[in-house]
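Below is one structure, written out as structure tokens; the observations come after it.
Just so it is clear, the values below take in all heavy atoms, side chains as well, and ignore hydrogens, waters and symmetry mates.
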Amino acid sequence: MAKSEKINFSTPSGFPEFLPGEKRLEVYLLDTIRRVFESYGFTPIETPAVERLEVLQAKGNQGDNIIYGINPILPPNRQAEKEKAGESGSEARALKFDQTVPLAAYIARHLNDLNFPFARYQMDVVFRGERAKDGRFRQFRQCDIDVVGRRELSLLYDAQMPAIITEIFTAINIGDFLIRINNRKILAGFFQSVGIEESKIKSCIGIIDNLEKIGEAKVKQELEKEGISPEQTQKIIEFVNIKGTVDDMLDKLKHLAQIMPEAEQFNLGVTELETVITGVRNLGVPENRFCIDLSIARGLDYYTGTVYETTLLGHEALGSICSGGRYEELVGVFLGEKMPGVGISIGLTRLMSRLIKAGILNTLAPTPAQVMVVNLQTELMPLYLKVSQDLRKAGINVITSFDKRGLGKQFQLADKQGIQFCVIIGADEAAAQKSSLKDLKTGEQVEVALANLAEEVKQRLVPKG
């Protein structure tokens with residue numbers, strides 16, 4: 001191939017590709033998350049990667065996300081079909097940018113086939129046209145759960161979310177974390193009480209949601225652009241910066257509800273928040289794992305009540321490692337009936353890449369194999385295959401070395417792949433129905449009868465202590 005015809009086969013910017021050890025870590029995390037989700041009765045579903053564009057954009061669903069549209073690319077010999085292949089209007093399609101909007105469409109499509117409250121989990125890839133940078137991807141995997149009810153949904157489902165978050169991050173052992181909880185009705189009610197017009201409340205909540213990212217001075221500038229007076233802005237800043245223990249915060253909020261004008265929505269938000277906090281405590285979530293944070297707003301317009309963000313303590317620069325909240329109208333956009341829901345999402349691809357870079361998580365060995373059966377003599381291959389199968393039947397992951405090469409090179413290959421044990425069988429061992437078992441970590445080598453090999457390997461695989 002001439003130099004000018006060389007194909008650029010590098011991965012497109014923002015679209016990740018994993019080495020085996022990274023992919024194995026992702027699978028381990030997915031399995032851990034799945035176990036916790038299923039322990040609370042969530043069931044898996046899968047929605048198409050592609051949705052109708054009008055679904056993704058309905059009633060402000062898109063937020064500020066950049067959506068990737070889908071257009072057919074025809075081969076040169078089929079250009080005459082271009083017009084027929086094109087899609088426009090209601091037929092325009094795009095890649096999904098999150099899991100929640102497609103869930104709403106899924107429920108609308110299968111309303112009569114589902115049981116409510118409907119609790120599902122989904123761990124698919126989504127696509128956003130973000131500027132690719134460290135920890136930000138255009139294709140990434142999200143692990144979501146949502147519960148959706150018909151007409152009503154108990155606030156105890158909101159309380160379950162912090163319990164689930166706690167179990168997941170405790171299981172993957174990434175260090176101390178804090179689940180920050182708020183209720184958007186509290187924010188909306190407070191904005192209302194300081195005289196902010198109803199039409200500006202959602203945009204103001206979106207600005208407050210960026211407080212940690214852009215800082216207080218920039219938030220003040222953004223609020224000023226919305227026509228919010230300096231006096232109103234100062235009151236907002238002071239409000240979202242109120243701090244204290246969970247009980248202190250509830251007491252302060254209840255006191256404010258008594259003295260502020262037009263407090264109906266604010267008071268409802270405080271009542272809902274207290275109900276959720278009580279449920280979180282009843283579910284046994286440790287007090288040091290959650291707090292009330294009035295600056296948590298969540299930027300998407302469809303959130304209406306409880307909202308959550310989870311921070312890894314000591315690594316706050318990572319941003320939220322799990323977030324979500326309650327919505328009242330998202331599913332109703334498609335069905336015209338009240339179907340409240342609550343859910344959380346873990347952006348696993350971003351989280352995993354940042355945790356690896358920070359040294360909090362390590363990639364796994366390139367192979368799941370625990371044992372290599374080495375190849376000393378080609379004529380003994382039938383025995384090597386039998387021994388390999390016997391080990392697999394005992395639940396041990398095995399690679400059989402089919403290529404004849406020096407014993408040292410086979411040890412080297414096994415070690416490079418993170419395989420701890422090598423089984424060595426030569427002519428003498430085969431005649432005596434024995435093997436040598438070499439531990440590549442310690443260098444120890446012991447003689448083991450083939451009949452006892454699986455049990456010996458199992459015992460040595462169990463961590464000591």
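Nearest approach of K243 to M249, heavy atoms of both residues: C-SD, 3.5 Å. Taking all atoms of both residues into account, the shortest heavy-atom contact from S401 to N375 is O-CB, 3.1 Å. The minimum heavy-atom distance between V285 and F290, with the atom names listed, is O-CE2, 3.6 Å.
The environment of E329 atom CD is sparse: at most 12 non-hydrogen atoms of other residues, nucleotides or ligands sit within 6.0 angstrom. Within a 6.0 Å sphere centred on CD of E17, heavy atoms belonging to other residues, nucleotides or ligands number 12 at most. The number of heavy-atom neighbours closer than 6.0 Å to CG of N115, taken from other residues, nucleotides and ligands shown, is 12 or below.
Considering CG of L155 and OG1 of T306, their distance stands at 6.0 Å, rounded to 0.5 Å. From I205, atom CD1 reaches atom CD1 of I208 across 9.0 Å, with rounding to the nearest 0.5 Å. To the nearest 0.5 Å, atom CE of residue M161 and atom OH of residue Y40 are 10.5 Å apart. In this structure, D124 CG and K96 NZ are separated by 4.0 Å, a value rounded to the nearest 0.5 Å.
In this structure, Y106 and F118 have parallel ring planes: the angle between them is below the 30° cut-off, well short of the 60° mark.
A salt bridge links E447 to K434: one of the charged nitrogens lies within less than 4.0 Å of a carboxylate oxygen. Looking at E152 and K338, no side-chain N of the basic residue comes within less than 4.0 Å of a carboxylate O on the acidic one, giving no salt bridge. Taking the charged nitrogens against the carboxylate oxygens, K386 and D390 do have a contact shorter than 4.0 Å, which makes a salt bridge. With respect to D403 and K409, no salt bridge is recorded, no charged nitrogen being found less than 4.0 Å from a carboxylate O. Ion pairing between a basic and an acidic side chain is recognised when a charged N comes within 4.0 Å of a carboxylate O; E130 and R350 show no such pairing. Checked for salt-bridge contact, K458 and E455 miss the test: no charged N lies under 4.0 Å from a carboxylate O.
None of D146, T100, T304 except one satisfies the side-chain hydrogen bond (donor to acceptor under 3.5 Å, both in side chains) rule with Y327; the exception is D146.
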What do the steps show when you test V240 against L187 for side-chain contact (heavy atoms from CB on, under 4.5 Å), and what is the final call? CA-CA 8 Å; V240 298; L187 287 174; 4.1 Å; yes

The test is ring pair (Phe, Tyr, Trp, His ring centres under 6.0 Å); show your working for F177 and F169 and say whether it passes. CA-CA 8 Å; F177 54 90; F169 291 124; 5.7 Å; yes

Output, in order, the C-alpha distance, side-chain angles, deciding distance and verdict of salt bridge (charged side-chain N to carboxylate O under 4.0 Å, His left out) for R184 and D209. CA-CA 11 Å; R184 276 179 61 134; D209 189 50; over 6 Å; no

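Judged by the 6.0 Å distance and 45° axis criteria, R150 is positioned over the aromatic ring of F116.
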